[in-house]
Amino acid sequence: MTHKKRFNLLYVYLLRFDSPFLMSSVRIYLPDNSYKEFDFEPTVLQVAESIGSRLAKDTLGAQIDGGSEVVDLRTPLKDGTKLSIVTKGSPESLEVIRHSAAHLMAQAVQEIWPEVKVTIGPVIDNGFFYDFDSPFPFTPEDLKKIEKKMNHLLKKNEPVVKEVWSQAKAIEVFSEMKENFKVEIIKDLGEDEVSIYKQGEWFDLCRGPHVQKMGQIKAIKVQHTAGAYWRGDENNPQLQRIYATAFNSKEDLQEHLQLLEEAKKRDHRKLSKDLGLVYNHPFAPGAPFFTEKGTIIYNQLQAYMRECYIKYGYHEVISPQIFDNQLYEKSGHDANYKDDIFATKIGERDFAVKPMNCPGHCLLYGATKKSYRDLPWRIADFGRLHRNEKSGALHGLTRVTTFCQDDAHIFCRMDQLFDEIKSFMTFLNEVYQCLGMSNYKIFLSTRPEKRMGSDEIWDEAEAVLEKAVKELDLPYTINEGDGAFYGPKLDIMFVDALKRPWQLGTMQADFNMPKNFELKYVGEDNANHQPVMLHRAILGSLERFIGVYLEHTAGRLPTWLAPTQVVVMNITSNHDSYCRELTELLAEQGVRAHYDDRNEKLGFKIREAQLQKIPFMITVGDKEVSDNAVSVRLLNGKNINGIDKHEFIKNLCSEIKERKLTTHLGDN
RNA sequence: GCCCAUGUGGCUCAGUGGUAGAGCACACCCUUGGUAAGGGUGAGGUCGAGAGUUCGAUUCUCUCCAUGGGCACCA
């Protein structure tokens, strides 16, 4: 603090307490610790005005007392408030802009179709939506019309005015307008007063924050429509949702739209088709075929996990595909999961296709008498699972009806739990590092509404997981009510190259299933005890993982995973025998090499190999044949010419064997 | 499951109330060409399935199936 300020502070102090005739002053602190004084409680905007007219013009909201919530610029500030003004330059400003843009969209819709009723329109990541109660669905042409209308309204640059109404008045006004959803919201709020934001003639019930004038929204884009249930409940009426976004500048909007384009290019459904990895047929909805190429990725991942299983003390098992439904009655699946199980009746007997491995593994545990010395008992299973997903839920490889998890169950004693969780996290970290997936977050998902077992059991299970992450010093977030029906989970959320989160790995603590199956081990005390069951997966399902990984890498797989690792290209048919020998040599070393001997120009072959994202392209011409060498082109376009043939193969083999991340492929 | 949209050769997509077209891929021929598409010729589709309207449907209507965008669901 400067000398002058310190003096001011003292002076004001004296004024406040020694001059009863003056109104006590209100002091608002700015981020640089300086402050502004008022003899009334100023609004955010008034503070901004006192600093400068330019700042006032750019003001969109504020954050107060170090909080992250953005408050409305019309908010009166109490003495001592620490104020950080949000202007159009700050990322928080988007929230304000989008909030107002949502109102603008609702206004546009109601000006075009007065019969459409409004509900709510919140800001979401990257944009906002507004849910309308409309007698007709919006067409793409309607969306264009809405966008046009919004741009027209923007030009009018109407000021946004806040009013505070009594609950009674608000109910009366909105009832008269037949805005019944709004009336319901006001009643549910149960507040004596509610705030209303007006632009021109149009107004909406809203908590804010909002811009000063609509013209502060610089760029909007109406994106797409969707059906959505009122209050997210499928028993409620379905509304018409319109998604849109808004930005501080046309450039920012352009940039965002480009990012969406990029994400579209990386869509695993497109990539898996273009790279020839997966095939889908309407006769098997949600059940992908893996082609000969896709199967290589699938099997390589499994082989990798199998190697890790040896290191981490897991034993692989194979369990039945179809069980008598009594198994699922016993496990609790019949009560909690029936809708998703493929079931069939043969004669008088009910059968079910297994939706998960755990009940079968409980049977296998019970097959032999276990001593405390046998624990932890870790069994892994790549068994095929089938789940009868609701039709609308299917999505590429990430949501399918049949899949295979890198699944394992650990049966252990209570005192072994911590070490098991720790070992799992080490295992997971090793795998994710190997795959270049270092960015992941941990969520602790707690008891869901639909669950089995007593609250005491749940208390214990949740506490065990929480204690473990705390002791391991891992940062985590609680995900209330998102646990499995048999136990809480630690969910691993992988964040991909485009910053999108995906749930892959999981570690679940289950005290319920061991109880249902009356699982026991004989303790040191020669008495029976119940083991704890841990359900865990690192990749999640192979299908889902491959989908996510394709998007993360944009299809540029590390060499060890690439279906074709090397393509050999001759320049003329004179080099044919050399190429043939080279390809055989590579194959002998276990390298997946393809010889492109087509009568085509080199540029053409390169282009195809490039589009197929093959890590190594070898070109062979007169030079290479005479030097017994190879020239290599990498996916990033770099060339390494004239390497000794054997040296190249040696290096390549070690890259594959060590499962190196191919950084030379370019930025993933 | 719900709302909306879409479905045309292997792929990407035009198009029409009078039984269809392009590019790529494919086959054959010419071309032997050093780092992202050489040229020519040809074959290939009862326009997702079923029903209806119509003299006539790939086109209009309905139902179903699948896919896409969401919602809900995701043990």
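On a predicted model such as this, the values are computed, not experimentally measured, just so you know. Here is how names work: the chains are called A, B, and so on, in the same order as the sequence lines, proteins then strands, and each is numbered from 1.
- Positionally, the nearest nucleotide of RNA chain B for G637(A) lies more toward the 5' end than for the other of Y486(A) and G637(A).
- Shown here, C47(B) forms no base pair; nothing in the strands shown gives a Watson-Crick or G-U wobble contact with both key distances under 3.5 Å.
- Taking atom CD of residue Q612(A) and atom C1' of nucleotide A25(B), one finds them 12 Å apart after rounding to whole Å.
- Here the closest heavy-atom approach between residue E179(A) and residue V118(A) is recorded as OE1-N, 2.9 Å.
- For L275(A) and C11(B), the CG to C1' distance is 14 Å, given to the nearest whole Å.
- Going from atom NZ of K145(A) over to atom CH2 of W113(A) covers 5.0 Å, rounded to the nearest 0.5 Å.
- Look at the C1' atom in both G9(B) and A5(B): the space between them is 24 Å, to the nearest Å.
- Checking A5(B) for Watson-Crick or G-U wobble geometry (two distances, each under 3.5 Å) identifies U67(B) as its partner.
- Nucleotides A20(B) and A14(B) have their C1' atoms positioned 11 Å apart, rounded to a whole Å.
- For the pair M493(A)/I442(A), no side-chain contact is recorded, criterion being any heavy-atom separation below 4.5 Å from C-beta on.
- Between the P atoms of U12(B) and U8(B), the separation comes to 8 Å (whole Å).
- Residues that satisfy the ring pair (Phe, Tyr, Trp, His ring centres under 6.0 Å) test with Y440(A), not counting sequence neighbours, are Y432(A).
- Going from atom CD1 of I341(A) over to atom C1' of C74(B) covers 14 Å, rounded to whole Å.
- No engagement by M569(A) is indicated, since no non-hydrogen atom pair under 4.0 Å with the nucleic acid exists.
- Of the candidates C74(B), G34(B), G1(B), the closest approach to any side-chain atom of K623(A) belongs to G34(B).
- The distance from atom CG of N574(A) to atom P of U32(B) is 11 Å, rounded to the nearest whole Å.
- For G50(B) and C13(B), the C1' atoms lie 27 Å apart once the distance is rounded to whole Å.
- Side-chain atoms of T572(A) stay outside donor-acceptor range of the base of G33(B), with no qualifying N/O pair under 3.5 Å.
- Atom CD1 in I640(A) sits about 17 Å away from atom P in U35(B), given to the nearest Å.
- With rounding to whole Å, D597(A) atom CG is found 14 Å from U32(B) atom C1'.
- Nucleic acid contact class of Q503(A) (heavy atoms, under 4.0 Å, all strands): none.
- A donor-acceptor pair under 3.5 Å is absent between the side-chain atoms of Q405(A) and the main chain of R384(A), judged by distance alone.
- One P atom belongs to C4(B), the other to C62(B), and the distance between them is 11 Å to the nearest Å.
- In this structure C13(B) sits in a base pair with G21(B), meeting the Watson-Crick or G-U test at under 3.5 Å.
- Aromatic ring centroids of H409(A) and Y365(A) lie 6.0 Å or more apart.
- Of the C1' atoms belonging to A66(B) and A22(B), the separation is 26 Å, rounded to the nearest Å.
- Two residues are said to be in side-chain contact when any heavy atoms from C-beta on lie closer than 4.5 Å; E329(A) and L327(A) fail this criterion.
- Rounded to whole Å, the C1' atom of G7(B) lies 6 Å from the corresponding atom of G48(B).
- As a whole-Å value, the separation of F138(A) CZ from C4(B) C1' is 12 Å.
- Across all strands, N641(A) comes closer than 4.0 Å to base atoms (heavy-atom distances).
- Between the side chain of R399(A) and the base of C73(B) there is at least one donor-acceptor pair of N/O atoms closer than 3.5 Å.
- The base-pairing partner of C28(B), taking Watson-Crick or G-U wobble contacts with both distances under 3.5 Å, is G40(B).
- For the 3.5 Å distance criterion, the side chains of H361(A) and D407(A) fail to qualify, holding no donor opposite an acceptor.
- Within 4.0 Å of N336(A), counting heavy atoms only, lies no atom of the nucleic acid at all.
- A27(B) sits 11 Å from G44(B) when the C1' atoms are compared, rounded to a whole Å.
- Mapping K273(A) and P140(A) onto RNA chain B by nearest heavy atom places P140(A) at the nucleotide closer to the 5' end.
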Using a 4.0 Å heavy-atom cut-off, write out nucleotides 62-71 of chain B from 5' to 3' as B (base contacted by protein), S (sugar-phosphate only) or - (no contact). ----SSSBBB

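- The nearest whole Å value for the distance from the CG atom in D576(A) to the P atom in G33(B) is 15 Å.
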Could I get a table of every N or O pair under 3.5 Å where one atom is in the protein and the other is in nucleotides 36-43 of chain B?
unit_1 : atom_1 : unit_2  : atom_2 : d
A36(B) : N7     : R633(A) : NH2    : 3.4
A36(B) : N6     : Q610(A) : NE2    : 3.2
A37(B) : N7     : R607(A) : NH1    : 3.4
A37(B) : N6     : R607(A) : NH2    : 2.6
A37(B) : N1     : R607(A) : NH2    : 3.0

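- Residues N516(A) and K330(A) have side chains that never bring a donor and an acceptor to within less than 3.5 angstrom of each other.
- When Watson-Crick and G-U wobble pairs are counted only if both distances are under 3.5 Å, C60(B) pairs with G52(B).
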For residues 276-286 of chain A, run the donor-acceptor check on the side chains, cut-off 3.5 Å, and write out each pair with its distance to 0.1 Å, sequence neighbours left out.
unit_1  : atom_1 : unit_2  : atom_2 : d
H281(A) : ND1    : F283(A) : N      : 2.9

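- For the side-chain contact (heavy atoms from CB on, under 4.5 Å) test, residues two or more places apart in sequence or in another chain that qualify with K390(A) are E234(A).
- Nucleotide C73(B) is matched to nothing when pairs are restricted to Watson-Crick or G-U wobble geometry with both distances under 3.5 angstrom.
- Every residue meeting the salt bridge (charged side-chain N to carboxylate O under 4.0 Å, His left out) condition with E262(A), not counting sequence neighbours, appears here in chain and number order: K265(A), R266(A).
- Contacts of K338(A) with the nucleic acid, taken as non-hydrogen atoms under 4.0 Å apart, are absent.
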